[in-house]
Amino acid sequence: MGWFTGKSKQWEIKVGSVCFLAILFPFLFPPIAMVYMGIRGKLKILLYGSIAWTFLFGIGYYKYFFYSESKELDFTLFGILFSGAVVIAIYLQTFLRRVHLASIINVDWNDTYDYTDFIRREEIDEVLSVDDFIRQLLLWQQRIKHAEVRGSIFSMIELTKSITEKKGHISELFIVRHAYSIENILQQYYQIELSKLNNATVEEAKEKIRSTLLLAINAFENELRQKDKKTHLDIEVDVETYIQDLKNKRLL
């Protein structure tokens, strides 16, 4: 784990080397670092900032070299240099996280992303197997008290077993599609139950989650039907191929 991301500290130092230089040596590097961070992190605000600070640096250094007697000018130049380094420091975490996310998803210019959510989702997708997912569902079935939710969980367990049976690649796709979201929804419902709050807002939230679980079951059922349909087509192809092979050998 690094200081700002789920990557290693070495990775952060390598990717953010220009940024760290800008913070440590603010007399030159901040505008360069802003251009680098803006382009690689797809942050337009830093590209605009690089133009502004280049202009400020130019004015500051010009007045410093030609009107160096003024102490006020020294403070002004220090303020320009220091503020550039501060801007780099403020956006450093955002930049590093966007670069990390870019290796997982397609990061668009200036769009905001929940880094923690994406990384947790990625970790679950990488680690969770079908058996793990079923064990998690069984755990939530034991914890959650509401009978309808427990019934929904039971249906999802049975459908999951049917969908992923003897199909490795289908199992992986199934986990990517459903595991994170379903677990997150069940965790939210469990936390609401633990809170023991009882008002209109809470009841509305619980009903929304229950409705979402029913929609998830419907999606599971559609996925199972698609699997059965594909299996049926595969059988037809195999049968036709076999019959044609027999005909070619003049056995039919």
Side-chain angles (χ1 to χ4, degrees), residues 1-68 70-128 169 172-181 183-184:
M1 293 288 290
W3 296 293
F4 307 105
T5 70
K7 303 286 280 185
S8 66
K9 292 183 178 68
Q10 290 80 4
W11 179 88
E12 292 183 351
I13 292 171
K14 180 180 178 181
V15 174
S17 56
V18 178
C19 312
F20 292 117
L21 284 173
I23 295 170
L24 294 173
F25 305 102
F27 53 83
L28 176 63
F29 288 102
I32 299 171
M34 288 180 195
V35 173
Y36 169 72
M37 294 167 73
I39 294 174
R40 187 161 185 185
K42 293 187 177 181
L43 291 164
K44 288 183 181 179
I45 190 171
L46 288 179
L47 291 179
Y48 298 146
S50 68
I51 297 171
W53 259 270
T54 298
F55 180 73
L56 289 172
F57 269 47
I59 292 176
Y61 278 121
Y62 174 79
K63 290 189 175 182
Y64 177 78
F65 286 116
F66 289 98
Y67 304 96
S68 57
S70 172
K71 290 185 178 180
E72 292 182 0
L73 184 60
D74 292 341
F75 285 113
T76 301
L77 181 59
F78 174 79
I80 292 172
L81 300 178
F82 181 74
S83 63
V86 168
V87 170
I88 299 299
I90 289 172
Y91 280 93
L92 179 58
Q93 177 174 280
T94 300
F95 163 71
L96 290 171
R97 289 185 169 188
R98 287 176 71 87
V99 173
H100 184 195
L101 284 178
S103 65
I104 302 170
I105 61 172
N106 183 29
V107 174
D108 293 324
W109 283 91
N110 269 28
D111 281 357
T112 56
Y113 300 91
D114 187 333
Y115 177 81
T116 303
D117 179 72
F118 271 100
I119 296 305
R120 183 166 176 256
R121 183 189 298 263
E122 180 70 10
E123 288 174 350
I124 288 175
D125 289 347
E126 288 179 354
V127 174
L128 207 62
H169 65 286
E172 293 173 4
L173 289 173
F174 183 84
I175 291 299
V176 170
R177 288 193 191 109
H178 303 292
Y180 174 82
S181 298
E183 184 173 348
N184 194 38

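In what follows, residues are counted from 1 in the order of the sequence shown.
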> Taking all non-hydrogen atoms of both residues into account, name the closest pair between L96 and F4 and its distance.
CD1-CD1, 3.5 Å
> For residues G16 and F95, report the shortest heavy-atom separation together with the two atoms involved.
CA-CE2, 4.4 Å
> How close do A85 and A22 get, heavy atom to heavy atom, and via which atoms?
CB-O, 3.9 Å
> Mind checking the OH-CD1 spacing from Y91 to I45? Nearest 0.5 Å is all I need.
3.0 Å
> Is the shortest heavy-atom distance from the side chain of F20 to the side chain of L92 under 4.5 Å?
yes
> Hey, what do you get for NZ (K42) to CG (L47), rounding to the nearest 0.5 Å?
12.0 Å
> Donor-acceptor pair, E12 side chain versus T5 backbone, under 3.5 Å?
yes
> When you compare the side chain of I88 with that of V18, does any pair of heavy atoms fall below 4.5 Å?
no
> Over all heavy atoms of both residues, which pair between G41 and R98 is shortest? Give the atoms and the distance, please.
O-NE, 2.6 Å
> Nearest heavy-atom pair of V99 and V15: which atoms, and what distance?
CG1-CG1, 3.9 Å
